[in-house]
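Hydrogens, waters and symmetry mates are skipped; everything else that's a heavy atom, side chains included, is used.
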Amino acid sequence: MTPASEPWDTARGAEIIAEHADLEGATLVILHALQEAFGYVPEPAIPMIASALNLSRAEVHGVFTFYHDFRREPAGRHVLKLCRAEACQAAGGDALVARAEAKLGIGIGNTTADNLTTLEPIYCLGLCATAPSAMLDGRLVGRLDEARIDALVAEAQR
Amino acid sequence: MNLRIFVPRDAGAVAVGADEVALALEQAASKRGVAIDIVRTGSRGLYWLEPMVEVATAQGRVAFGPLTAAEAAAVLDAIVTDGPHPLRLGVTEQIPWLKRQTRLTFARCGVVDPRSIEDYRAHQGYQGLERALELGSDAILAEVTASGLRGRGGAGFPTGIKWKTVAQTRADRKYIVCNADEGDSGTFADRMIMEGDPFVVIEGMTIAAIAVGASKGYIYIRSEYPHAVAAMNAAILSARRAGFLGGSSRSFDLEVRVGAGAYVCGEETSLLESLEGRRGIVRAKPPLPAHKGLFGRPTVINNVLSFAAIPFILAGGAKAYAEFGMGRSRGTMPIQLAGNIRHGGLFETAFGVTLGELVDDIGGGTLTGRPVRAVQVGGPLGAYFPRALFETPFDYEAFAARDGLIGHGGIAVFDDSVDMIRQARFAMEFCAIESCGKCTPCRIGSTRGVETIDKIRAGDRVAENIAVVEDLCNTMKFGSLCALGGFTPYPVMSALRHFREDFDPARTRLEAAE
């Protein structure tokens with residue numbers, strides 16, 4: 001399970017921003033730190049980052065939306081990422097993605113209605129010699145087969 | 001003396017159970033009252049044997065693998081009694097797959113404890129830096145140039161020339177940036193070396209800093225590699241503590257920055273934008289990063305493997321490195337065998353080995369046992385090669401002459417169940433997802449490419465639409481600002497050229513009807 005995220009709190013957000021604001025090119029570092037704390041990047045944080053770094057809101061919003069990693073809203077309790085890149089495709093990854101989608105009843109890129117599982121694509125975990133591979137809440141799993149993907153999906157629904 | 005048992009901490013080994021194996025070994029040892037020290041190393045790169053554990057013996061290290069936690073106790077018994085075990089692989093260095101390699105860059109990976117700077121120094125670590133300090137800037141640049149080292153990220157630009165440009169550019173500050181945004185599927189050498197021998201990257205960057213007069217370095221690592229981020233951060237801390245970074249005696253310091261899931265940030269100018277805290281939008285060149293790079297300052301930006309090759313070149317001399325290889329591709333290349341392959345892993349060897357040797361002989365063909373039909377060399381932007389081109393030697397120019405690229409040295413193997421029109425579509429789709437959006441050929445061309453390939457799959461005016469795809473590919477190849485749009489045509493065109501039958505509408509329709 002992912003460590004429980006804190007609920008959004010303006011003072012806490014300001015503290016995190018201040019902690020990193022002096023770094024060269026701090027925007028990504030701050031966005032990562034906020035997401036680490038709150039599980040996503042809450043909307044009110046954007047103007048706060050902008051004012052701390054002397055940037056426009058549009059600039060910060062642009063950075064936030066450019067990168068796939070940053071979330072607008074919290075993910076499900078578990079995040080299951082399945083690699084969709086070529087080496088995993090070659091090792092039968094597509095069929096396993098379809099299997100996970102069917103079991104969870106959602107398409108990849110979505111969260112189940114009970115908010116337990118977010119299923120996401122990832123383009124390469126660098127485990128290409130033990131493909132297909134996945135990451136469940138930060139834990140890596142390689143050499144996926146039907147039994148392993150079923151076990152991961154079951155774990156992600158708890 | 002305690003038994004020393006080595007268990008990889010490498011992400012690839014952990015993903016197949018190395019942590020559980022280490023735990024089971026600890027438990028079995030304490031149950032038996034055997035005193036053991038478990039050293040968590042990087043991986044040797046023989047991934048089909050992972051988790052592979054080794055034990056120090058009088059004959060050298062002896063390997064066992066692939067292990068499961070359930071077998072750990074029995075393996076420990078075999079170790080203690082020096083008895084036989086079905087998973088015993090013999091002396092590690094004598095395993096043929098490892099023995100036939102030329103490990104210059106990866107000499108220490110899987111051998112040393114990546115968290116110990118003492119272990120690094122005990123294995124020739126920092127000898128390159130020592131010599132660099134004696135030589136000084138001009139002589140370092142001459143050595144790197146004479147070694148013939150070319151950028152291992154994919155572009156193959158001579159490293160010595162890049163460094164010299166930065167050295168000759170005057171500025172108040174200069175930067176060293178390590179591109180560890182290894183996004184290409186089928187490649188994992190950067191990840192392995194950062195996890196298994198992080199100090200070699202730090203040493204390489206430090207030598208670069210001395211050569212060009214830089215004071216600050218960044219390592220930009222992709223967020224998909226949390227283990228590598230942790231390993232590099234730990235190594236930087238201990239290098240600082242040992243006086244190799246920061247402080248007053250040395251003026252060079254390093255910092256890790258983590259990417260955020262944008263493939264295009266592997267492109268050097270996009271990476272610099274990202275480091276500056278902006279959208280990863282590609283910059284037009286010129287100005288070159290060597291003149292105006294990070295924060296507008298002269299910047300050396302090189303791939304992890306380029307920096308990791310430097311300490312050997314300085315310690316062993318340019319000549320020792322340049323003796324390996326063929327033509328204008330000097331030295332060794334850490335080649336990564338991946339995908340549907342029996343013996344997948346990291347194979348470092350001199351340039352010149354043929355594609356067929358790598359796939360059939362060293363890789364052992366497919367894991368599924370079906371015939372190899374296509375191999376993609378160089379990641380999502382690399383060409384698909386058919387068996388007919390397996391004589392191609394691994395060399396920058398030889399691959400370019402066959403409309404391909406060696407890129408970062410990854411080879412993804414596909415068996416005969418692969419549908420090449422699907423792979424061509426994926427290449428366009430991936431480009432559409434990852435395009436930074438700055439230039440039109442890449443941003444629009446990739447989306448039109450997906451739509452047009454879908455029409456071909458549906459049997460809609462096939463010949464005309466193939467002509468449209470070819471035309472799009474030409475526009476993207478010659479009109480895009482960077483390699484993302486510029487090289488996406490390689491997988492698409494190679495699929496069309498070498499696997500034309502998969503674009504046959506009769507066959508496509510037949511499959512759709514199934």
* What residue, out of B/Pro226, B/Ala262, B/Gly186, B/Ala412, has the most heavy-atom pairs lying under 4.5 Å from chain A? -> B/Gly186

* Would A/Tyr123 and B/Tyr263 count as a close aromatic pair, with their ring centres under 6.0 Å? -> no

* When heavy-atom pairs shorter than 4.5 Å are enumerated against chain A, which of B/Gly345, B/Gly45, B/Gly183, B/Gly280 gives the highest number? -> B/Gly280

* **Evaluation steps, salt bridge (charged side-chain N to carboxylate O under 4.0 Å, His left out), between A/Arg84 and B/Glu429** => CA-CA 12 Å; A/Arg84 305 218 67 184; B/Glu429 186 189 14; over 6 Å; no

* To do: Taking B/Ser185 for its side chain and A/Ala87 for its backbone only, find out whether a donor-acceptor pair lies under 3.5 Å.
  => yes

* To do: Can you measure from CZ (B/Phe426) to CG (A/Asp94) and round to the nearest 0.5 angstrom?
  => 8.5 Å

* Asked: Are the side chains of B/Ser274 and A/Tyr67 in touch, meaning some heavy atoms are under 4.5 Å apart?
  -> yes

* If you measure from SG on B/Cys265 to CG on A/Leu28, what distance do you get to the nearest 0.5 Å? -> 8.0 Å

* Does the side chain of A/Phe66 reach to within under 4.5 Å of the side chain of B/Cys436, using non-hydrogen atoms? -> yes

* Name the member of A/Pro132, A/Gly25, A/Gly93 that forms the most heavy-atom pairs with chain B at distances under 4.5 Å. => A/Gly25

* Structure fact -> Per-residue tally against chain B (heavy atom, under 4.5 Å) across A/Leu31, A/Thr65, A/Val63, A/Ile30 peaks at A/Val63

* To do: Against chain A, label B/Gln423 side chain, backbone, both or neither, depending on which of its atoms sit under 4.5 Å from a heavy atom there.
  => side chain

* To do: Under 4.5 Å heavy-atom distance to chain B, tell me which part of A/Ile122 shows up: side chain, backbone, both or neither.
  => side chain

* Asked: What pair of heavy atoms forms the shortest contact from B/Phe188 to A/Gly126, and how long is it?
  -> CB-O, 3.2 Å

